Amino acid sequence: MIERLPKTFHVKSFGCQMNVYDGARMAELLEAQGMSAVAEGGEADLVVLNTCHIREKAAEKVYSDIGRLIRRDDRGRPMIAVAGCVAQAEGAEIPRRAPAVDIVVGPQAYHRLPEMVATAARGGRALDTDMPVESKFGSLPARRRQGPTAFLTVQEGCDKFCTYCVVPYTRGAEVSRHWSAIIDEAKALVDNGAKEITLLGQNVNAWTGEDDTGRTQGLDGLARALDRLPGLERIRYTTSHPNDMNDGLIRAHAEVAKLMPFLHLPVQSGSDRVLRAMNRSHTTSSYLALIERVRAARPDIAISGDFIVGFPGETDAEFEATLNIVAAVNYAQAYSFKYSPRPGTPAAQMDEQVPAALMDERLQRLQALLNEQQLAFNRATLGRRTSVLLERAGKKPGQLIGKSPWLQSVHLQTGSGIGHLVEVEIVSAGPNSLAGAETMRNAA
Ligand code: 5AD
Ligand code: SF4
């Protein structure tokens with residue numbers, strides 16, 4: 001039992017970018033309470049495990065982390081909070097299984113973390129997995145983080161109910177944040193040094209809201225408004241659903257200067273039978289037609305995807321169809337996963353779960369093809385002159401690492417500092433990164 005308020009904390013985030021965003025907001029919230037962040041969980045009075053539930057063993061990882069924290073020898077055990085999607089999905093099961101856990105807080109309730117910490121400091125246990133109607137965002141302190149790139153959640157939750165996916169259960173229904181809250185947060189991020197903002201949402205392109213004049217806007221309207229924000233150089237967004245990819249957003253890729261030529265548009269499978277069983281509500285041909293329209297608007301756009309192999313009942317021919325759609329699209333990068341049955345989702349109940357060894361084999365074949373495409377995409381940028389936003393130090397002296405407009409990592413020697421946009425020529429290309437030579441220094 002803990003009987004004092006923590007002075008230091010550490011937030012460890014697993015999973016998606018939205019969890020990274022939530023982790024940053026929790027840190028700001030705790031800092032506003034006078035606590036200070038430490039880099040290692042081993043040194044903190046309070047450890048927040050910000051968990052992910054999207055694929056297998058995520059929960060197991062949490063329990064082994066908790067075990068490690070309890071055994072921490074030198075400083076006694078810390079106050080332990082389990083946040084994120086495992087907290088939402090497992091709730092009271094967590095302290096039943098791991099009595100050392102003091103706080104369980106879901107992704108829609110973490111604005112209440114300070115009260116929960118106070119409860120735990122009095123020796124109690126606090127559990128909150130509500131999805132309150134009032135938004136947590138309104139109760140969070142203003143953004144104060146530094147750094148050239150920032151995430152900004154504009155939309156949360158999902159109403160699409162793909163049959164494999166836990167998100168509708170852990171993150172709740174689709175909600176769009178208000179226009180002015182987003183613009184204000186973007187301004188605060190830019191004031192703190194952000195040059196690039198990535199708009200986040202589980203279905204980010206379903207974002208909708210009214211602008212200051214009462215006009216209904218979509219994500220393209222938001223991108224156009226952010227394009228006018230002085231000091232902001234780059235806008236990105238993720239993750240998009242094919243069904244919400246409308247003409248306005250496609251046109252924005254041709255017209256909005258700061259909108260980067262990158263689109264993460266998961267297709268999941270290349271088989272229409274599997275897509276129907278997944279409840280994806282798009283087909284392979286509607287997806288391919290969409291990609292064509294996007295490329296017509298922005299020919300150099302980098303297309304990224306997500307794939308699941310071994311969805312229940314997936315035959316060899318259906319898996320081959322996935323390889324075929326990959327070949328047809330030509331991805332710049334992609335994520336691919338073995339299907340993982342998630343408790344409570346319809347697909348977990350389906351017959352004909354695919355054997356693990358077959359899933360392994362399919363995943364390897366798919367990844368080999370995707371890696372080939374990624375290397376080809378990187379090689380195609382050889383000799384190009386482009387801009388790189390410097391994000392962090394590299395391993396060698398004088399080396400910095402940044403991102404190209406197409407989200408490739410670029411290493412270069414430069415006298416410019418982190419946060420600067422520099423013009424480079426791409427001089428070498430590997431599977432995972434590029435090397436650039438600076439051609440001119442920008443004032444940024
Ligand atoms: N099993 C495997 N992969 C999954 N994803 C989502 N749910 C599952 C699951 N049950 C993948 C999808 C999604 C990405 C974020 O994770 O490809 O787009
Ligand atoms: Fe994982 Fe999904 Fe939760 Fe993100 S929203 S942390 S991907 S389960």
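These figures come from a predicted structure and were not determined experimentally. One-based numbering, in listed order, for ligands and for the atoms of each.
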Review point. Between Phe137 and Tyr21, how do the two ring planes meet: parallel, tilted or perpendicular, split at 30° and 60°?
Key: tilted
Exercise for review: Ignoring hydrogens and angles, tell me if any N or O in the side chain of Gln108 forms a donor-acceptor pair with the backbone of Arg171 under 3.5 Å.
Suggested key: yes
**Study point:** Asp159 side chain to Glu174 backbone, donor-acceptor under 3.5 Å
**Key:** yes
**Study point:** Residue Ser340 vicinity, atoms of ligand 1 by number, heavy atom under 4.0 Å
**Key:** 1 (N), 2 (C), 9 (C), 10 (N)
Practice item. Please confirm whether Tyr169 and Phe161 have ring centers closer than 6.0 angstrom. Key: yes
Check your understanding: Short N/O distance, under 3.5 Å, between Arg342 and ligand 1?
Key -> no
Review point. Around atom CD of Glu40, are there more than 12 heavy atoms of other residues, nucleotides or ligands at under 6.0 Å?
Key: no
**Study point:** Interfacing atoms of ligand 1 (cut-off 4.0 Å, heavy-atom, Gln268)
**Key:** 12 (C), 13 (C), 17 (O), 18 (O)
Practice item. Heavy-atom contacts with Phe337 under 4.0 Å: which atoms of ligand 1 show up? List them by number with element. Key: 3 (N), 11 (C), 14 (C), 16 (O), 17 (O)
**Study point:** Location of contacts on Arg55 toward ligand 1, heavy atoms closer than 4.0 Å
**Key:** side chain
